[in-house]
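First up is the structure itself, then whatever we jot down about it.
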Amino acid sequence: MIAQQLVKIVGEGVKHLYGQEPGTGLPGLEKTKKEIPGDFTIVVFPLVRFSRKSPETTAREIGEYLLETVPEIASFNVIKGFLNLVLKDDFWLEFLNQARRQKKFGCLKPRHEDPIIVEYSSPNTNKPLHLGHIRNNLLGHSLSEILKANGHRVIRVNLVNDRGIHICKSMLAYMKWGNGETPLSAGMKGDHLIGKYYVLFNQYFKTEVHDLMEKGLTEEEAEKQAPLIREAREILRKWEAKDPETRDLWKKMNDWVYEGFNETYRNLGITFDKTYYESNTYLLGKELVQKGLDAEILKEKEDGSVWADLREEGLDEKLLLRSDGTSVYMTQDLGTAQSRYETFHPSSMIYVVGNEQNYHFDVLRLILKKLGKSYADHVFHCSYGMVELPEGKMKSREGTVVDADALMEEMYATAETTTRELGKADEMEPSEARELFHAIGMGALKYFILKVDPKKNMLFDPRESIDFNGNTGPFIQYTHARIHSLLRRAALTGLDLSSNVNSSLTLLPLEKEILKKLYLFPEAVQQAGDELSPAIIANYVYDLAKGFNQFYQEIPVLKEEDPEKLLLRLALTQLTGLAIRQAMVLLGIQVPTRM
RNA sequence: GGUCCCGUAGCUCAGCUGGAUAGAGCAACAGCCUUCUAAGCUGUGGGUCGCGCGUUCGAAUCGCGCCGGGAUCACCA
C-alpha cells in the first residue's frame, strides 16, 4: 500500500538529503486533518535531528524529494512541522477500480494454517441468558468473523457449564415444588422454566439462612448448614456417583434448557462449530496435574491437596486438586486447553470471558508455562467489561438482570412500531416485513453493544430504549438500503456498472472524502483483528456511512449527465455499499436492501 | 491491604503505538422534503480531557503520586 511505500521513501529521502539512516520508528504517516488541504501528513519534527534545519525547511526539502520521486503525489504544503501531501486524483480512482475487482473488499483470502480457537458464550444451564451473555456472544461471534476476514481459520467453541452445585439447586427446587411441570405445560421456554426454580431455591434458601442466623449462627455457618443447601449437595454427590434417577432428571432439565438456548442463539444469529459439555470435561486436567507433580513442578501438601506455587511470579499459591482428590475449575481449564491443543493444534486459543476472570486467566497461562507447554504464550483472554444498569451491576439472584429474550422481543417491537410509523412497511409482504423488523431491532441492539470498546464497562438504561437515529445500527442499515435504492434505479436505466471508471477524471471533494474512507477499510479490518476489537469496525462503518450520506445529500448521482461522472458516482456508491455490508457481516448485523 | 481496569460535553461513547484548533451521537435550539428513501443533511450552544508533578520541541495519549468508581485475590464456577 502507498502508506508503507511512502514511509520507506521518506527514509530514503532522509538518507539522500542528510546522509543519515533514520532507522526504525521515526517516520509516521497519518491522515491529514479535515480543514487542512492534503491527504496524508508526515510529521517531520523527529527528522529535524537528521537535517539540523528548521522543521519548515526540513518538511519542504522532504516534500520536494517526494514530489520528484513519487509519481502519485500531486503537490504538498507545509504548515509548521507538518508536511501535507496531496495525491493525484488518478491514484484514488485507480484504487476505486482495483477495490471493485476484489471479491471481498477489505478481507484477506483464507490462508492454509493452524486454526484459531475462539471460545465464547459458555452459559450455565440453570438460568436463561441475560444482557451480559449477549455482550459475550456478540463479541465472540464478531471476533470470529473478524479473524476470518484476516485470513485465519477459526473454530468457534462453546463450553457449556452443565453440572455443579448451581444446577443441583434448580433440580432440588424442581423436585420439591415442580409438580411435574414442563415447558409445554407451563408455556415457558425451557431455560426460563429452570431459571424460575433457581430463583425459587434462592428465595427459600435465603429464608432458611435468615432463620438460622436468628438462632445465633453466623452468616457463613448458616449458609453452610441450611437444609436446602445440604440437600443440594447430596444431589451433587448422587450425580457424581452416577445415580440413574438423578442423572435422568438432570438430563431432562438440561435438554429443556438447551432448547431454550438454541432459540436464543438463533435469534441472536450465533452459531458454534463445536460444543463441549463440562460434564464430559470436568475430570480433564488431573493427568496433567499428576505429571506436574511427578516432575516436581507442582507440590502436594500434607493433607493431600495439590498446589501450584506462583509466588515467584508475584501471585499466590493456586489449588489444583482438593485434599479429597477432586478437581477445581482451574484444573479443568488446564485439561481442556491441553486437549484442544492436541486435537486442533491451534495457533492460538482465545477465550471470550468477562474481566472478572482476568486473574484466573493470568494464573492459567502461568501454570501452563510452568508445566512447559509451548502454547501457553498463545492463550489469550479476550476480556470484556460488565454491562451495568443505572443502579449498578446486574445480579441474577436479586433479579436485576435484563433478560436476553425479553430484550430482543422489545427491540423487535420497537423496530416494528418505528418502521410502521414511518410508513415503510406499507407495501411489504408480511414475511418480508417480519424479517426487516428483526434485522433492524437486532441491528440496533448489536451495534449498541459492539460499538463500545470491549474492555470497558458499559451502561445500559432499560428505561431509555436503544436509539434508531444517529450513531446506531439502523442508521448504517438505512444508508445501505439507500445505496441499494440508488443502484436499483441505475439498473433500470440499463447502465453497465462493470466497466472501469476513467481514472483521469477530476474528483469533487466529497467524492474524494469517501474514497479516502474506503481506502482505510482494509486497515480497520486488520486493526480490529490485531486488537480483538469489533468496536474498531463499528466506529469505522459509522464514519463511512456518515460520509456517504453527506455525499448523497450534496451531490446528485442519477441526475449526472456526463456518463463517465455518472459511472464514477455509481461505482463509489456500489463500493461503499459493499464495504458497509462487509463491515456489518463482521459485526454479525444484517443489512436490508430496502427499509 | 495487594494486583488489574476505568475516569473525556448534561447523558452514552470515539480519540490513547505522543503531534496541528479534543470529535460523534443523544438531549436543546434554528434551518433543509414539487428533485436519487428526512431512520437523512446543515448550523448554533455545550469541555480546567478526575487532580497534581514529571519526561518532551510538543501530553487527553507516556511515567510517578493522589482522588473517585469497578473487578479480583475461595478446597465456588
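Side chains included, hydrogens not; waters and symmetry mates left out as well; all remaining heavy atoms used. Every chain is numbered from 1 and lettered A, B, ... according to where its sequence line falls, protein lines coming before strand lines.
Contact check, A:Lys424 against B:A39: a side-chain N or O comes under 4.0 Å of OP1 or OP2.
Atom OH in A:Tyr384 sits about 17 Å away from atom C1' in B:C4, given to the nearest Å. The nearest whole Å value for the distance from the CD atom in A:Glu427 to the P atom in B:U37 is 13 Å. With rounding to whole Å, A:Leu389 atom CG is found 13 Å from B:U12 atom P. Straight-line distance from the CE atom of A:Met458 to the P atom of B:G7: 15 Å, rounded to whole Å. In this structure, the CZ atom of A:Arg52 is 15 Å from the P atom of B:C57, given to the nearest Å. Going from atom CG of A:Leu315 over to atom C1' of B:G1 covers 16 Å, rounded to whole Å. The CD atom of A:Gln550 sits 11 Å away from the C1' atom of B:G40 (whole-angstrom rounding). Rounded to whole Å, atom C1' of B:U12 lies 12 Å from atom OH of A:Tyr447.
Within the structure, every pair that satisfies the ring-ring contact (aromatic ring centres under 6.0 Å, His included) test and touches residues 522-546 of chain A, not counting sequence neighbours, is listed here: A:Phe475-A:Tyr542, A:Phe521-A:Tyr540.
Checking A:Thr57 against A:Ser54 by side-chain atom types alone, a donor-acceptor pair falls below 3.5 Å. Side-chain atoms of A:Asn549 and A:Thr479 include a donor-acceptor pair closer than 3.5 Å. For the residue pair A:Ser305 / A:Ser323, no side-chain donor-acceptor distance below 3.5 Å is found, with atom types taken as modelled. Checked by atom type, the side-chain pair A:Gln332/A:Ser327 shows no donor-acceptor distance below 3.5 Å. Under 3.5 Å, the side chains of A:Asn254 and A:Thr125 contain a donor-acceptor pair of N or O atoms. A:His381 and A:Asn355 form no side-chain donor-acceptor contact under 3.5 Å, judged by distance and modelled atom types alone. A side-chain N or O of A:Asn471 and one of A:Tyr447 form a donor-acceptor pair less than 3.5 Å apart.
Of the C1' atoms belonging to B:A14 and B:C33, the separation is 31 Å, rounded to the nearest Å. Between B:G2 and B:A9, the two P atoms lie 29 Å apart (nearest whole Å). Atom name C1', nucleotides B:G18 and B:U61: the rounded distance is 6 Å, in whole Å. Comparing B:C49 with B:C11, their P atoms sit 16 Å apart, to the nearest whole Å. Across B:G58 and B:U21, the matching P atoms stand 14 Å from one another, rounded to whole Å. The P atoms of B:A30 and B:U48 are separated by 27 Å, rounded to the nearest whole Å. With both ends at atom P, the span from B:G63 to B:C6 equals 11 Å, rounded to whole Å. For the P atoms, the distance linking B:U55 with B:A59 amounts to 12 Å, nearest Å.
Between A:Thr419 and A:Lys455, the one whose closest nucleotide on RNA chain B sits nearer the 5' end is A:Lys455.
By the salt bridge (charged side-chain N to carboxylate O under 4.0 Å, His left out) test, A:Arg463 pairs with A:Glu391, A:Asp461, sequence neighbours left out. Partners of A:Gln550 according to the side chain to side chain contact (heavy atoms under 4.5 Å, CB included) rule, which considers only residues two or more places apart in sequence or in another chain, are A:Leu510, A:Lys546. Listed by chain and residue number, A:Met458, A:Phe460, A:Ile466 satisfy the side chain to side chain contact (heavy atoms under 4.5 Å, CB included) test with A:Phe448 (two or more places apart in sequence, or in another chain). Remark: A:Thr32 pairs with A:Ile36, A:Thr41, A:Asn84 by the side chain to side chain contact (heavy atoms under 4.5 Å, CB included) rule, at least two apart or across chains. In this structure A:Gln527 satisfies the side chain to side chain donor-acceptor pair (under 3.5 Å) test together with A:Glu531, sequence neighbours excluded.
Geometrically, A:Arg135 does not engage A:Tyr384 in a cation-pi contact defined by less than 6.0 Å to the ring centre and at most 45° from the axis. Taking the centre and axis of the six-membered ring of A:Trp307, the NZ or CZ atom of A:Lys301 falls inside the cone set by 45° and 6.0 Å.
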Can you give one letter per nucleotide of nucleotides 71-77 of chain B, going 5' to 3': B for a protein heavy atom under 4.0 Å from the base, S for sugar-phosphate only, - for none?
SSS-BSB
Along nucleotides 26-36 of chain B, 5' to 3', which nucleotides get a B, which get an S, and which get a -, given that the test is a protein heavy-atom distance under 4.0 Å?
S--------SB
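Here the two rings, on A:Tyr351 and A:Phe361, have centers that are under 6.0 Å apart.
Distance check: A:Trp239 CH2 to A:Ile235 CD1 gives 13.0 Å after rounding to the nearest 0.5 Å.
Base orientation of B:C66: anti, since the glycosidic angle falls outside 90° of 0.
Base-pairing analysis of RNA chain B finds the following stems of at least three consecutive Watson-Crick or G-U pairs, with both pairing distances under 3.5 Å: B:1-7 with B:67-73, B:10-13 with B:23-26, B:28-32 with B:40-44, B:50-54 with B:62-66.
The shortest non-hydrogen separation linking A:Ile440 to A:Pro474 is CG2-CG, 3.9 Å.
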At a cut-off of 3.5 Å, list every protein nitrogen or oxygen paired with a nitrogen or oxygen from nucleotides 60-64 of chain B, distance to 0.1 Å.
none

Report, one pair per line, the protein and nucleotides 14-21 of chain B atoms (nitrogen or oxygen only) whose separation is under 3.5 Å.
{"residue": "B:A14", "atom": "OP1", "partner": "A:Asp453", "partner atom": "N", "Å": "2.5"}
{"residue": "B:A14", "atom": "OP2", "partner": "A:Lys456", "partner atom": "NZ", "Å": "3.1"}
{"residue": "B:C16", "atom": "N4", "partner": "A:Lys456", "partner atom": "NZ", "Å": "3.3"}
{"residue": "B:A20", "atom": "N6", "partner": "A:Thr41", "partner atom": "OG1", "Å": "3.1"}
{"residue": "B:A20", "atom": "N6", "partner": "A:Asn84", "partner atom": "OD1", "Å": "3.0"}
{"residue": "B:A20", "atom": "N1", "partner": "A:Asn84", "partner atom": "OD1", "Å": "3.4"}

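Salt bridge status for A:Glu234 with A:Arg230: absent, with no side-chain N to carboxylate O gap under 4.0 Å. The pair A:Lys299-A:Glu317 meets the salt-bridge criterion, with a side-chain N (NZ, NE, NH1 or NH2) lying under 4.0 Å from an Asp/Glu carboxylate O.
Of the candidate nucleotides B:U37, B:G70, B:G40, B:G70 has the atom nearest to the side chain of A:Glu388.
Taking a 4.0 Å limit (strictly below) on heavy-atom distances, residues 474-481 of chain A reaches RNA chain B at A:Phe475, A:Tyr478, A:Ala481.
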